[in-house]
Amino acid sequence: LGILLGRLYLGAEWPPSVRALLGSPAGATALSAGAAALALALLAASGSIPYPLLHNSLLAPVFALLIVSLAPGRGAFAACLATPAMVLLGEASYSLYLIHVPLGVIWDKIVHPLIGPRYAGTLLDWSAFVAFAVAASIGCYRFVERPLQKRVLRAIAKPKPR
């Protein structure tokens, strides 16, 4: 779906009304807000919607609409997502995806015995873990992922000897 959206966005001749909507900050904001509200409504009702129907049918077009509305980079949501803090979080998200499970095991084995069962599983415990995991993912991104990306790009860019 993402590849199809990218091809459509870059190569499609959009109707003038859609182009005008996506081209104006107010239109892009309204479209983004509508798609986000619809996604939240579907997720709020997720207990009564079968999982395959929700994730493979209902949410996909809603998220596609959200992506298309954010792609031009106009509007309040796009501006919020373009702030340096949000860009950094987006860049570190792959690191978070890779390390969140091992961090959860570490948290459970080290932190939970220290804080005791009274606080384990509370909102405070969960919030502290999320802050820890996000900080660790930013560190992993800055000190592992980016340096390795640069090395790989340099290696690829070197001319090959003949």
Side-chain angles (χ1 to χ4, degrees), residues 1-109 111-112 115 117-141 144-145 149:
L1 181 60
I3 292 170
L4 176 64
L5 280 176
R7 299 279 301 185
L8 256 169
Y9 180 76
L10 294 174
E13 186 58 39
W14 296 91
S17 58
V18 173
R19 232 179 304 126
L21 184 65
L22 291 174
S24 78
T29 298
L31 200 55
S32 298
L38 187 54
L40 289 174
L42 285 169
L43 290 171
S46 66
S48 60
I49 301 172
Y51 184 87
L53 179 63
L54 178 68
H55 289 274
N56 298 334
S57 301
L58 298 175
L59 283 176
V62 173
F63 285 133
L65 179 62
L66 183 60
I67 290 167
V68 167
S69 70
L70 293 170
R74 293 182 182 84
F77 287 132
C80 175
L81 292 173
T83 61
M86 294 302 283
V87 170
L88 177 62
L89 288 174
E91 289 172 338
S93 66
Y94 185 64
S95 292
L96 181 61
Y97 164 74
L98 290 177
I99 66 173
H100 78 278
V101 171
L103 290 178
V105 171
I106 292 167
W107 191 265
D108 193 46
K109 300 288 183 198
V111 175
H112 284 165
I115 64 173
R118 181 176 177 185
Y119 296 105
T122 63
L123 180 60
L124 180 62
D125 176 45
W126 183 85
S127 301
F129 172 72
V130 169
F132 167 67
V134 168
S137 70
I138 291 170
C140 186
Y141 170 74
V144 177
E145 187 179 342
Q149 282 177 350

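For clarity, every value in this text was computed on a predicted model and none was experimentally measured.
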Novice: Indicate the atoms forming the closest heavy-atom contact of P72 with S69, along with that distance.
Specialist: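 Shortest heavy-atom contact: CD-O, 3.7 Å.
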Novice: Kindly give the heavy-atom pair with the smallest separation between A136 and L103, and that separation in Å.
Specialist: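 The pair with the smallest heavy-atom distance is CB-CD1, 3.8 Å.
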Novice: Locate the shortest heavy-atom distance separating T83 from C80; write the atom from each residue and the value.
Specialist: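 The answer is OG1-O, 3.0 Å.
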Novice: Rounded to the nearest 0.5 Å, what's the gap from CG on L42 to CD1 on I49? Could you check?
Specialist: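 Result: 5.5 Å between the selected atoms.
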Novice: Which heavy-atom pair separates W107 from D125 by the least distance, and what is that distance?
Specialist: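 Minimum heavy-atom contact is NE1-OD1, 2.8 Å.
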Novice: Minimum heavy-atom separation for A78 and L70, please, with both atom names.
Specialist: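 Where A78 meets L70 most closely, the heavy atoms are N-CD2, 3.8 Å.
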Novice: Please round to the nearest 0.5 Å and tell me the distance separating atom CG of L89 and atom OG of S137.
Specialist: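 Reported value, rounded in 0.5 Å steps: 7.5 Å.
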Novice: Given side chains that start at C-beta, do those of Y141 and L96 come closer than 4.5 Å, heavy atoms only?
Specialist: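 Of all side-chain heavy-atom pairs linking L96 with Y141, none is under 4.5 Å.
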Novice: Would you say that more than 12 heavy atoms from the other residues, nucleotides or ligands in this model lie under 6.0 Å from the CD1 of I3, or not?
Specialist: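 Counting neighbours around CD1 of I3, 12 or fewer heavy atoms of other residues, nucleotides or ligands fall under 6.0 Å, so no.
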Novice: Rounded to the nearest 0.5 Å, how far apart are CG of L43 and CG of L59?
Specialist: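 It comes to 5.0 Å.
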Novice: Please confirm whether the backbone N or O of Y97 pairs with a side-chain atom of H100, one donor and one acceptor, at under 3.5 Å?
Specialist: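 It does hold such a pair.
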Novice: Can you tell me how far the CG atom of L53 sits from the OG atom of S46, to the nearest 0.5 Å?
Specialist: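 Spacing of CG (L53) from OG (S46) equals 12.0 Å.
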Novice: How many angstroms lie between atom CD1 of I99 and atom CD1 of I106, to the nearest 0.5 angstrom?
Specialist: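 I99 atom CD1 to I106 atom CD1 measures 8.5 Å (nearest 0.5 Å).
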Novice: Looking only at heavy atoms, what is the nearest atom pair of E145 and S95, with distance?
Specialist: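 Looking at all heavy atoms of both residues, the shortest contact is OE1-OG, 2.8 Å.
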Novice: Would you compute the distance between atom CG of L65 and atom CG of L38 and round it to the nearest 0.5 angstrom?
Specialist: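 It is 8.0 Å, given to the nearest 0.5 Å.
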